[in-house]
Amino acid sequence: MNRRKFLTTTSLAAAAAPLVLTNFKLFGADAPSNKLNLALIGSWGRGEAHFGSLATENVVALCDVNEDHLAFGLKKFPNAKTYVDWRKLLDDHKQLGLDGIVICTADHTHAFISNWALNRDLHVYCEKPLAISVEEARTVRANWLSRKAKLATQVGMQRHAFQNFNRVRELIRDGAIGELSAAYAWGNRQVKPADASYDPEKGLVTFKGPDGKPTTAGYLPDAGAPPKNLHYDLWLGPSHAHPYNPGYFKGGPGANCLSWNMFWDFGAGQIGDMGSHTMDLLWNAVDAKLPSAVEAHGDPFNDAITPIKCESHFEHPANDWRGPVRIGWYQGGAMPSSPKEYVDLKKISHGAMFKGTKGFLVADFETRVILPVGNEADMTYYKPRPKAEVLPPVGGFQKEWFDACRNPSRKTACDFEYSGNMIEQMLLGLVAYRVGKKLDYDGAAGRVTNSPEANALLSRQYREGWTLNG
């Protein structure tokens, strides 16, 4: 009997005879046989945030392209086997007895590692964003949907566990602002390279040149050989080769992504940063899938750096409880119009607003406000749901995934379908921004129907030897 079948069998036995089995430590909740064998890929920075939850399971392997970061992880998990190449770790998954992986690497490798792990029937927790191209999002989502009955997935949008997400959803679904017609999300963070300057009027990102004059910012210049502890070629992974520069690694723990995620080859800028968290607040309430049309505009195009100021607009068809809805995303200083002059949306750094026939709902991650508008907005039409029908708390976000790994019939809040649809929409906004025209999108086929140029931007080119479907 293999280990995964053993876990399932003992779980069924425990359900049948809990009074007997829980009296013995061997079969208790903390028994070694009940713990998942997991690997942490990216053992520093965001990876450290998972140490506490992972300590409740068996961490059998650590992987990081920086050997100093591996040493850091080993202090917490001294019995783990170490790797610098995630491909080698996944090749060893049977030898390790691996059940699942947690991915905390640079954004441009997320889809690769996720897809390879799914191909090996491993459960996957992946930090946001799930992908940095439309094709990547679609590939990973489709792969998981074909294995949904046996594998658990979760994207690290952990703010989803705030109970405010459920309260916003309930208010929108129950008609607190009437019939939903539009929704907007925004984030004010200006994601740019370290030591760069940004002119919000011109929309230009610049470095100071040798002569002291500003020069257009781009990928960082060659700074010589990387330190011996850093396997820089593995960090580049599938992306185009760029010379080493320590500027890509300036950020401290928890903020290191802000040194590289604004570059097209390494991330999606604000969209892959706080944008994933903020759009999640909106996405959870509107029950959208893929847009039928998208348009965007923002700062002048820079072939190295994603736009700082930009806004995207998406048209979504009606579903079984609402009519068509228009969704907007605003970043880096772009903002939706306030519903009333006395409401200053700019006081909310990352937030969402919903427009209905009877008023507006404005929210940040943990609070919400209803603004009735119009003579008919007397709130008598709104009946709060009974307490028995209030959505239950998500609880521990990582634990929710652990529980689903043991029983994949249990749903996770941000699985690869929900999160894949959301990031595909957001990335389509970047494609529309680059093309500079409104795009008509066939979500079933994953094709833009009115722009060959846009279709060419749905995917990205990888370095020789790297394949998304390995």
Side-chain angles (χ1 to χ4, degrees), residues 4 8 36 38-39 41 46 50 53-54 57 98-105 107 110-163 165-166 168-169 173 271-272 275-290 316 319 391-427 443-444 446 468:
R4 186 169 291 175
T8 303
L36 299 165
L38 302 175
I41 306 179
R46 183 61 196 160
H50 292 272
S53 60
L54 287 173
E57 308 296 333
L98 207 57
D99 295 308
I101 63 170
V102 175
I103 304 168
C104 299
T105 59
D107 295 2
H110 285 183
F112 273 74
I113 306 174
S114 295
N115 212 49
W116 283 47
L118 292 173
N119 285 343
R120 288 155 180 79
D121 286 334
L122 297 173
H123 305 291
V124 184
Y125 184 111
C126 181
E127 281 297 339
K128 52 80 187 168
L130 181 60
I132 66 169
S133 79
V134 169
E135 180 189 52
E136 289 177 353
R138 295 181 66 86
T139 298
V140 177
R141 181 181 62 236
N143 195 358
W144 178 65
L145 286 173
S146 71
R147 304 164 190 266
K148 182 177 179 180
K150 61 181 180 180
L151 295 180
T153 59
Q154 184 92 294
V155 173
M157 299 183 294
Q158 69 278 359
R159 286 173 176 80
H160 196 107
F162 292 163
Q163 293 198 45
F165 278 59
N166 282 342
V168 169
R169 176 179 172 83
R173 285 297 304 267
I271 282 174
S276 291
H277 291 301
T278 315
M279 182 55 72
D280 182 25
L281 178 61
L282 181 157
W283 202 247
N284 185 57
V286 301
D287 287 340
K289 291 189 178 178
L290 295 175
H316 285 268
N319 63 16
L391 297 171
V394 170
F397 195 71
Q398 287 91 344
K399 184 179 183 301
E400 183 185 52
W401 178 68
F402 295 157
D403 291 343
C405 291
R406 295 184 176 90
N407 178 6
S409 67
R410 300 183 65 158
K411 181 171 172 51
T412 56
C414 297
D415 63 34
F416 282 6
E417 181 178 21
Y418 172 92
S419 304
N421 287 336
M422 190 193 80
I423 197 62
E424 181 175 345
Q425 175 200 250
M426 298 283 272
L427 293 167
L468 179 60

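All residue numbers refer to positions in the sequence shown, counting from 1.
Relative orientation of the F165 and H160 rings is tilted, given thresholds of 30° and 60° on the angle between their planes.
Formation of a donor-acceptor pair under 3.5 Å by the T153 side chain with backbone atoms of F416 is found in this model. Within the 3.5 Å criterion, the main-chain N or O of D415 finds no donor-acceptor partner in the side chain of W144. Of the possible donor and acceptor atoms, none in the side chain of S114 sits under 3.5 Å from a partner among the backbone N and O of C126. No donor-acceptor pair closer than 3.5 Å links the side chain of T278 to the backbone N or O of G275.
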Quiz item: Would K399 and S53 count as a side chain to side chain contact (heavy atoms under 4.5 Å, CB included) if you check the C-alpha gap in whole Å, the side-chain angles of each, and the deciding distance to 0.1 Å?
Solution: CA-CA 7 Å; K399 184 179 183 301; S53 60; over 6 Å; no

Self-check item: Verdict with reasoning, T412 to F397, per side chain to side chain contact (heavy atoms under 4.5 Å, CB included)
Solution: CA-CA 9 Å; T412 56; F397 195 71; over 6 Å; no

Practice problem: Could you walk me through whether L122 and D99 pass side chain to side chain contact (heavy atoms under 4.5 Å, CB included), step by step? | Solution: CA-CA 6 Å; L122 297 173; D99 295 308; 5.9 Å; no

Quiz item: Would C104 and I41 count as a side chain to side chain contact (heavy atoms under 4.5 Å, CB included) if you check the C-alpha gap in whole Å, the side-chain angles of each, and the deciding distance to 0.1 Å?
Solution: CA-CA 6 Å; C104 299; I41 306 179; over 6 Å; no

Quiz item: Given E57 and R406, is the salt bridge (Lys or Arg N to Asp or Glu O under 4.0 Å) satisfied, shown in steps?
Solution: CA-CA 12 Å; E57 308 296 333; R406 295 184 176 90; 2.6 Å; yes

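Using a 4.5 Å heavy-atom cutoff, the side chains of M279 and M157 are not in contact. Looking only at side-chain heavy atoms (C-beta outward), V140 and L130 come within less than 4.5 Å of each other. Side-chain contact between F162 and V394 is absent, with no heavy-atom pair separated by less than 4.5 Å.
Y125 and H50 have their aromatic ring centers within a separation under 6.0 angstrom.
Between H110 and P129, the closest heavy-atom pair is ND1-O, 2.6 Å. Nearest heavy atoms, P408 versus A149: CB-O, 3.6 Å. The shortest heavy-atom contact between W401 and Q154 is CD1-CB, 3.9 Å. Closest non-hydrogen pair, R410 versus A404, comes out as O-CB, 3.5 Å. Scanning both residues, R147 and L118, for their nearest heavy atoms gives NH1-O, 3.1 Å. Of all heavy-atom pairs spanning A288 and H316, the tightest one is CB-ND1, 3.6 Å.
Salt bridge K150/D121: present, at least one basic N to carboxylate O contact under 4.0 Å. Using a 4.0 Å cut-off between charged nitrogen and carboxylate oxygen, R169 and D287 count as a salt-bridge pair. Ion pairing between a basic and an acidic side chain is recognised when a charged N comes within 4.0 Å of a carboxylate O; R46 and E127 show such pairing.
In this structure, C405 SG and L151 CG are separated by 8.5 Å, a value rounded to the nearest 0.5 Å. Once rounded to the nearest 0.5 Å, the distance linking CG of N115 with CD of E136 reads 9.5 Å. Here E417 contributes atom CD and L145 contributes atom CG; the two are 5.0 Å apart, rounded to the nearest 0.5 Å. Atoms CD and CD1, from Q425 and I271 in turn, are 9.5 Å apart once rounded to the nearest 0.5 Å. With rounding to the nearest 0.5 Å, the separation of CD1 in I423 from CZ in R138 is 14.5 Å. Here the CD1-CG distance, from I132 to D107, works out to 7.0 Å after rounding to the nearest 0.5 Å.
Around atom NZ of K411, more than 12 heavy atoms belonging to other residues, nucleotides or ligands sit under 6.0 Å away.
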